[in-house]
Amino acid sequence: MNQIELTLPDGSIRSVASGTTGLEVASSISSGLAKKALAIKLNEQILDLKRPLKENGTFKIITPSNEDPDALFVLRHSCAHVLAEAVCDLFPGTKLAYGPAIDKGFYYDLMSPKPILLEDLSKIEKRMKEIIKENKAFNRLEFSAEEGLARVQNDKYKLDNANRALARDDSDGVLSFYVTGEENKNWEDLCAGPHIPSTGKIKAFKLMSIAGAYWHGDQSSDQLTRIYGTCFADKEGLDNHLHLLAEAEKRDHRKIGKELGLYHIEDHSPGMVFWHPKGTIMVNALKQYIREKISRLGYDEVITPELVDKSLWIQSGHSDKYDENMFKTNAGDREMAVKPMNCPCHIEIFNQGLKSWRDLPLRFSEFGKCHRYEPAGTMHGLMRVRGFVQDDGHIFCTEEQIATEVSDFCNLVKEIYSEFGFNDILVKLSTRPEKRVGSDSLWDKAEKALEEATQLAKLDYELNPGEGAFYGPKLEFVLKDSLGRDWQCGTIQVDFNMPERLGAEYVGKDNQKHTPVMLHRAVVGSIERFLGILIEEFMGDFPLWLAPVQARLLPISEKFVDYAKEVQNQLIQNGIRAELDDSNEKLGYKIRQCELQKIPFLLVVGEKEIQQNQVSVRQRKHGDKGSMSVSDFINLTASDRKIFR
RNA sequence: GCCAAAGUAGCUCAACUGGUAGAGCAGCUGAUUUGUAAUCAGCCGGUUGUAGGUUCGAGUCCUAUCUUUGGCUCCA
């Protein structure tokens, strides 16, 4: 009989007969382990305990743990099955579509004959608990393609799943089903597995929410009901997760933005931000920060119109590809559109005057205000809006210059992001789509330049094959919000198309006219979105240069208001954003207000301070810094107040 | 856009099956003159998102509409 060799996590090697099950291996180690085991992992594949092992490799027995992603994966996937079974029990006629484990839990997409409402979740949870209590075994059934397909032939979604599974490269022509209990008697589901031995192994789960989801994520396809849940190895893990969610809620930029009075959004202009004075300070500080960074890198700032005649959008191609995303307007007999992007306008500036190869690379930057008609259901606070300011820029260069320009840009992104504390940035490289313009050799060159640039900047990237724009490949720099949701911020896109469409040309060394390549690039992307990310990242405790209020004067009593006013004025004259609390309140109350507003420096003044011509400094999160003269305070904060250091 | 939920005072939230819309904070006024996270008292504050409808009676039920929230594959 064939022997196979299993390398255990401690490095020891165990030789067992081929066909031995994971459960048998576990039992041979200890009966306790066999009892605890959920599944095994052989090389990169997680398998049921009862599956026969047939190859050599690294081997581990998966036991319940909140720290082991493999353990959570099987538990969650099995929990999704229990969810599906419960729904099928309670909503007879339900068709199941797809129920994977995901990052922080699981979901199941299904089509029920009557709508499942939020209030049904507790009923479903109750039924799930019963199924778990029954401790039903997950039994794997395997069928040939033919038999398997016959089993799901009346089920649109599962039939589709089965066909796609069979079409996959790694398909062995077998379709597996899992039945909780006995074949042809109990509930079953087409499923690749793996699963835990029995439902009783699920110790802690919770259904979280209910949502609509399209079959295959396709808008034109069926609208399914998605039930989200989460599951952990034990109650502690679940409670911990729920606690983290509650904590994340406190960081929500919409909540903090309101509390700190930064901005609001009105019902009559959905997706457009009204920046209040304090938010405006932040917008301007961020703009100035970027301005100072890039002005040193050879960018020339420009300002272009927000309203542009339709003819330009026809010429640029936006009317073709982007029409439904544009706001239109007309005055007199002219039809105009509010710009959704700044690129055509920058080309218009490029086109003024004859350009030589000596002018390249030419870098234009603009804090351009753009409007895009985003679908109603996609708006989200500052993160996804319809009106926003981009820290936009376009680099006109030759093909040879693409590589260094992209590389310089990646370094800039890395530098700026790390100054805000973002060090593990997700970078996505989107390569040539099927429908595209430009020669293959040009695409080769551009894709290679993007890839090399990320390596030079030591940024890991994720490949998005075929997801590039039709006009060129792109890099996207993605940041996460407090709930771990991805938001694209920075980007650089190579464009072989638009300069030509809009007639951009330069005279080359050969005295011939050439079309430049254009790089669209933005470091933070949208000022709105980036500030949203920053609010959540800092939880409102901004670096001093970005903080809307840097200091607040707190007179101990009304008697000291005049002195406080004097000090406030002195600070303002020195460029410090200082407020005065002249309310008739006790010091403790005033301090509390400052803490809630997350003001970095509190300056207490009373009898003592007046006599010594000082202020008593209390720094947020650091406490009492003692008394000092006003000029000492100005010096103390000078470097942290500087936008560019 | 689609599915599910929500919209009540400036803010956070109450109001059992339809029966006079309340509280805390904020604001205003007064008292107090305060030393490092909430001093006390009084007062003001609402066409319950909007428009219709059912009813003796609607915050509550119905219809429409606007907005917000969660989501709309991490591919059996």
Side-chain angles (χ1 to χ4, degrees), chain A residues 73 76-77 80 96-109 111 115-121 148 152 157-168 171 174-178 189-193 208-228 252 254-255 258-259 261 264-271 324 373-381 483-486 554-561 583-597 602-609 616-620 623-625 627:
Chain A
F73 172 81
R76 287 167 177 175
H77 183 50
L96 301 170
Y98 174 57
I102 54 172
D103 196 20
K104 287 180 177 124
F106 60 86
Y107 65 80
Y108 217 113
D109 283 349
M111 176 74 94
I116 298 175
L117 306 175
L118 207 53
E119 62 209 48
D120 294 322
L121 289 188
V152 292
Y157 308 112
K158 288 293 169 184
L159 184 61
D160 185 88
N161 282 341
N163 279 319
R164 280 181 306 124
L166 291 168
R168 282 173 59 153
S171 168
V174 169
L175 287 174
S176 59
F177 291 72
Y178 279 79
D189 190 15
L190 170 81
C191 176
M208 304 298 289
S209 63
I210 203 157
Y214 296 105
W215 178 230
H216 294 270
D218 177 3
Q219 281 200 26
S220 59
S221 192
D222 295 3
Q223 172 80 46
L224 306 168
T225 302
R226 172 171 299 180
I227 299 174
Y228 278 95
D252 192 316
R254 293 165 302 188
K255 182 173 148 64
K258 188 183 271 180
E259 286 166 354
H264 83 280
I265 294 174
E266 286 278 344
D267 282 5
H268 49 241
S269 41
E324 63 200 26
Y373 187 77
E374 301 289 352
T378 60
M379 257 100 69
H380 180 88
L483 283 172
R485 291 175 291 208
D486 284 351
L554 307 182
I556 300 272
S557 88
E558 284 180 340
K559 287 188 285 190
F560 314 112
V561 168
S583 67
N584 186 6
E585 293 287 351
K586 290 170 109 171
L587 184 59
Y589 181 88
K590 293 184 182 185
I591 288 175
R592 183 177 154 78
Q593 299 308 311
C594 294
E595 293 293 338
L596 295 176
Q597 286 291 305
L602 318 189
L603 307 178
V604 178
V605 294
E607 190 63 47
K608 223 168 49 193
E609 286 74 18
S616 179
V617 179
R618 177 182 161 125
Q619 187 178 5
R620 184 167 162 78
D624 202 336
K625 305 282 276 186
S627 295

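Both backbone and side-chain heavy atoms feed into the values below; hydrogens, waters and symmetry mates do not. Throughout, protein chains are lettered first and strands after them, A, B, ... in sequence-line order, and every chain is numbered starting at 1.
- In this structure, V605(A) and L554(A) have side chains that are not in contact, with every pair of non-hydrogen atoms separated by 4.5 Å or more.
- Applying the side chain to side chain donor-acceptor pair (under 3.5 Å) test to D160(A) and every residue at least two apart in sequence or in another chain returns R164(A), H216(A).
- rA14(B) and rG46(B) have their C1' atoms separated by 14 Å, given to the nearest Å.
- Note on E607(A): a base of the nucleic acid sits closer than 4.0 angstrom, heavy atoms only.
- Comparing rU29(B) with rG35(B), their P atoms sit 24 Å apart, to the nearest whole Å.
- For M208(A) and rU69(B), the CE to C1' distance is 15 Å, given to the nearest whole Å.
- Going from atom CG of D624(A) over to atom C1' of rG35(B) covers 10 Å, rounded to whole Å.
- Straight-line distance between the P atoms of rA58(B) and rG53(B): roughly 12 Å, to the nearest whole Å.
- At the heavy-atom level, G105(A) lies nowhere under 4.0 Å from the strands shown.
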| message | side-chain contact (heavy atoms from CB on, under 4.5 Å) for R485(A) and H380(A)? Distances and angles first, verdict last. | response | CA-CA 12 Å; R485(A) 291 175 291 208; H380(A) 180 88; 3.6 Å; yes

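- Annotation: side chain to side chain donor-acceptor pair (under 3.5 Å) contacts of Y228(A) (sequence neighbours excluded): R226(A).
- Rounding to whole angstrom units, CZ of residue F560(A) and P of rU36(B) are separated by 14 Å.
- Once rounded to the nearest 0.5 Å, the distance linking CZ of R592(A) with CG of L587(A) reads 14.0 Å.
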Show me the protein contacts with nucleotides 9-14 of chain B, counting only N or O atoms at under 3.5 Å.
{"residue": "rU12(B)", "atom": "OP1", "partner": "K258(A)", "partner atom": "NZ", "Å": "3.2"}

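- Each of K590(A) and S627(A) was assigned the nucleotide of RNA chain B with the nearest heavy atom; the assignment lying further toward the 5' end belongs to S627(A).
- Rounded to whole Å, the separation between the C1' atoms of rC25(B) and rG19(B) comes to 30 Å.
- Taking the side chain of L117(A) as heavy atoms from C-beta on, and the options rA37(B), rA5(B), rU67(B), the nearest nucleotide is rA5(B).
- Separation of the C1' atoms belonging to rA15(B) and rC56(B) is 22 Å when rounded to the nearest angstrom.
- Taking the side chain as every heavy atom from C-beta outward, I102(A) and R76(A) never approach each other to under 4.5 Å.
- Rounded to whole angstrom, the span from the CD1 atom of I591(A) across to the C1' atom of rU36(B) amounts to 3 Å.
- Rounded to whole Å, the distance from CD1 on I265(A) to C1' on rG7(B) is 16 Å.
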Any N/O pairs under 3.5 Å between the protein and nucleotides 39-49 of chain B? List them or say none.
none

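- To the nearest whole angstrom, the two C1' atoms, one in rA37(B) and one in rC61(B), are 47 Å apart.
- In this structure, the CD1 atom of I556(A) is 7 Å from the P atom of rG35(B), given to the nearest Å.
- E595(A) is linked by a side chain to side chain contact (heavy atoms under 4.5 Å, CB included) to I591(A), L602(A), R618(A), R620(A), counting only residues two or more places apart in sequence or in another chain.
- In RNA chain B, consecutive stretches of 3 or more Watson-Crick or G-U wobble pairs with both distances under 3.5 Å are given as paired ranges: B:1-7 with B:66-72, B:10-13 with B:22-25, B:27-31 with B:39-43, B:49-53 with B:61-65.
- With Q593(A) contributing its side chain and K590(A) its backbone, the two residues share no donor-acceptor pair below 3.5 Å.
- Contacts of E374(A) with the nucleic acid, taken as non-hydrogen atoms under 4.0 Å apart, are absent.
- Among residues two or more places apart in sequence or in another chain, the side chain to side chain contact (heavy atoms under 4.5 Å, CB included) test is passed with E266(A) by H264(A), H268(A), S269(A), F274(A).
- One side chain, D222(A) or Y157(A), offers a donor N or O that lies under 3.5 Å from an acceptor on the other.
- Counting only heavy atoms from C-beta outward, the side chains of L117(A) and I210(A) never approach each other to under 4.5 Å.
- No side-chain heavy atom of P100(A) sits less than 4.5 Å from a side-chain heavy atom of F106(A).
- A distance of 6.5 Å separates CD1 in I556(A) from CD in E609(A), rounded to the nearest 0.5 Å.
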| Can you give one letter per nucleotide of nucleotides 70-76 of chain B, going 5' to 3': B for a protein heavy atom under 4.0 Å from the base, S for sugar-phosphate only, - for none? | BBBBBBB

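- The side chain to side chain contact (heavy atoms under 4.5 Å, CB included) check on A162(A) picks up L149(A), V152(A), L175(A), L190(A), with sequence neighbours excluded.
- Taking atom C1' on both nucleotides, rG27(B) is separated from rU69(B) by 29 Å, rounded to a whole Å.
- By the side chain to side chain contact (heavy atoms under 4.5 Å, CB included) test, D624(A) pairs with S616(A), sequence neighbours left out.
- For the pair S171(A) (side chain) and R168(A) (backbone), a donor-acceptor distance under 3.5 Å is absent.
- No donor-acceptor pair closer than 3.5 Å links the side chain of D109(A) to the backbone N or O of W215(A).
- In this structure, L596(A) places its CG atom 12 Å from C1' of rA26(B), rounding to the nearest Å.
- Rounded to whole Å, the separation between the C1' atoms of rU48(B) and rA6(B) comes to 14 Å.
- Scored by the side chain to side chain donor-acceptor pair (under 3.5 Å) test, E607(A) finds Q611(A) as partners (sequence neighbours excluded).
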Output one line per pair: protein atom, nucleotide atom from nucleotides 60-64 of chain B, and distance, for all N/O pairs under 3.5 Å.
none

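- Rounded to an integer number of Å, the gap from CD of E558(A) to P of rG30(B) is 11 Å.
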